[in-house]
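Scroll down for the structure; my scribbles are underneath it.
Predicted model only: the values in this text are computed from it and were never measured. In this chain, residues are counted from 1 in sequence order.
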Amino acid sequence: MITAARVRALTAPLATAAAAGAAWFTVAALGPEVAVPLPCPLLEVTGLACPFCGGTRAVYALAHGDIATAAGHNAVVVLAVPVLAALWSLWSVRRARGMRGPMVSM
């Protein structure tokens with residue numbers, strides 16, 4: 001049975017998932033140039049894409065299933081997505097079970 005306390009405990013993980021999902025689907029649907037319409041100062045001055053430009057393009061490529069292109073744009077994003085998904089899952093399960101505090105004890 002889902003109690004009000006469980007719903008409150010899952011509010012933060014669900015809000016985080018909703019925000020990340022909205023950003024992911026915006027970039028996937030619109031493309032990196034439309035989803036982030038601001039000019040990149042580093043790109044404008046040097047002609048080099050910053051990590052955020054590459055990260056946005058990597059998310060777009062991942063959303064379309066092109067892992068090799070995504071890794072070419074920003075390999076850290078390609079490695080971070082499954083790690084962050086696993087950490088989010090662990091966070092959600094811990095909150096659903098009523099566990100609080102850090103996931104790793106010091």
* Intermediate values then yes/no, side-chain contact (heavy atoms from CB on, under 4.5 Å), T16 and W91 -> CA-CA 11 Å; T16 302; W91 179 36; 3.6 Å; yes
* **Side-chain donor or acceptor of N74 paired with backbone N/O of P51 under 3.5 Å** => yes
* Structure fact -> Here the pair of heavy atoms bringing V27 nearest to Y60 is O-CD1, 3.2 Å
* Asked: Are L84 and V59 connected in a single hydrophobic cluster, I mean Ile/Leu/Val/Met/Phe/Trp/Tyr linked by side-chain heavy atoms less than 4.5 Å apart?
  -> no
* Of the non-hydrogen atoms in A70 and L62, which two are nearest, and what is the gap between them? -> CB-CG, 3.7 Å
Output side-chain donor-acceptor pairs under 3.5 Å for residues 30-49, partner residues at least two apart or in another chain, one line each.
residue	atom	partner	partner atom	Å
E33	OE2	R57	NH2	3.4
T46	OG1	L42	O	2.7
T46	OG1	L48	N	3.1

* Asked: Would you say T11's side chain and R8's backbone share a donor-acceptor pair under 3.5 angstrom?
  -> yes
* Asked: Do the side chain of R95 and the main chain of A9 share a donor and acceptor less than 3.5 angstrom apart?
  -> yes
* Asked: Is the backbone N or O of P13 less than 3.5 Å from a side-chain atom of W88, with the two atoms forming a donor-acceptor pair by type?
  -> yes
* Asked: Take atom CG in L14; do more than 12 heavy atoms of anything else shown fall under 6.0 Å from it?
  -> yes
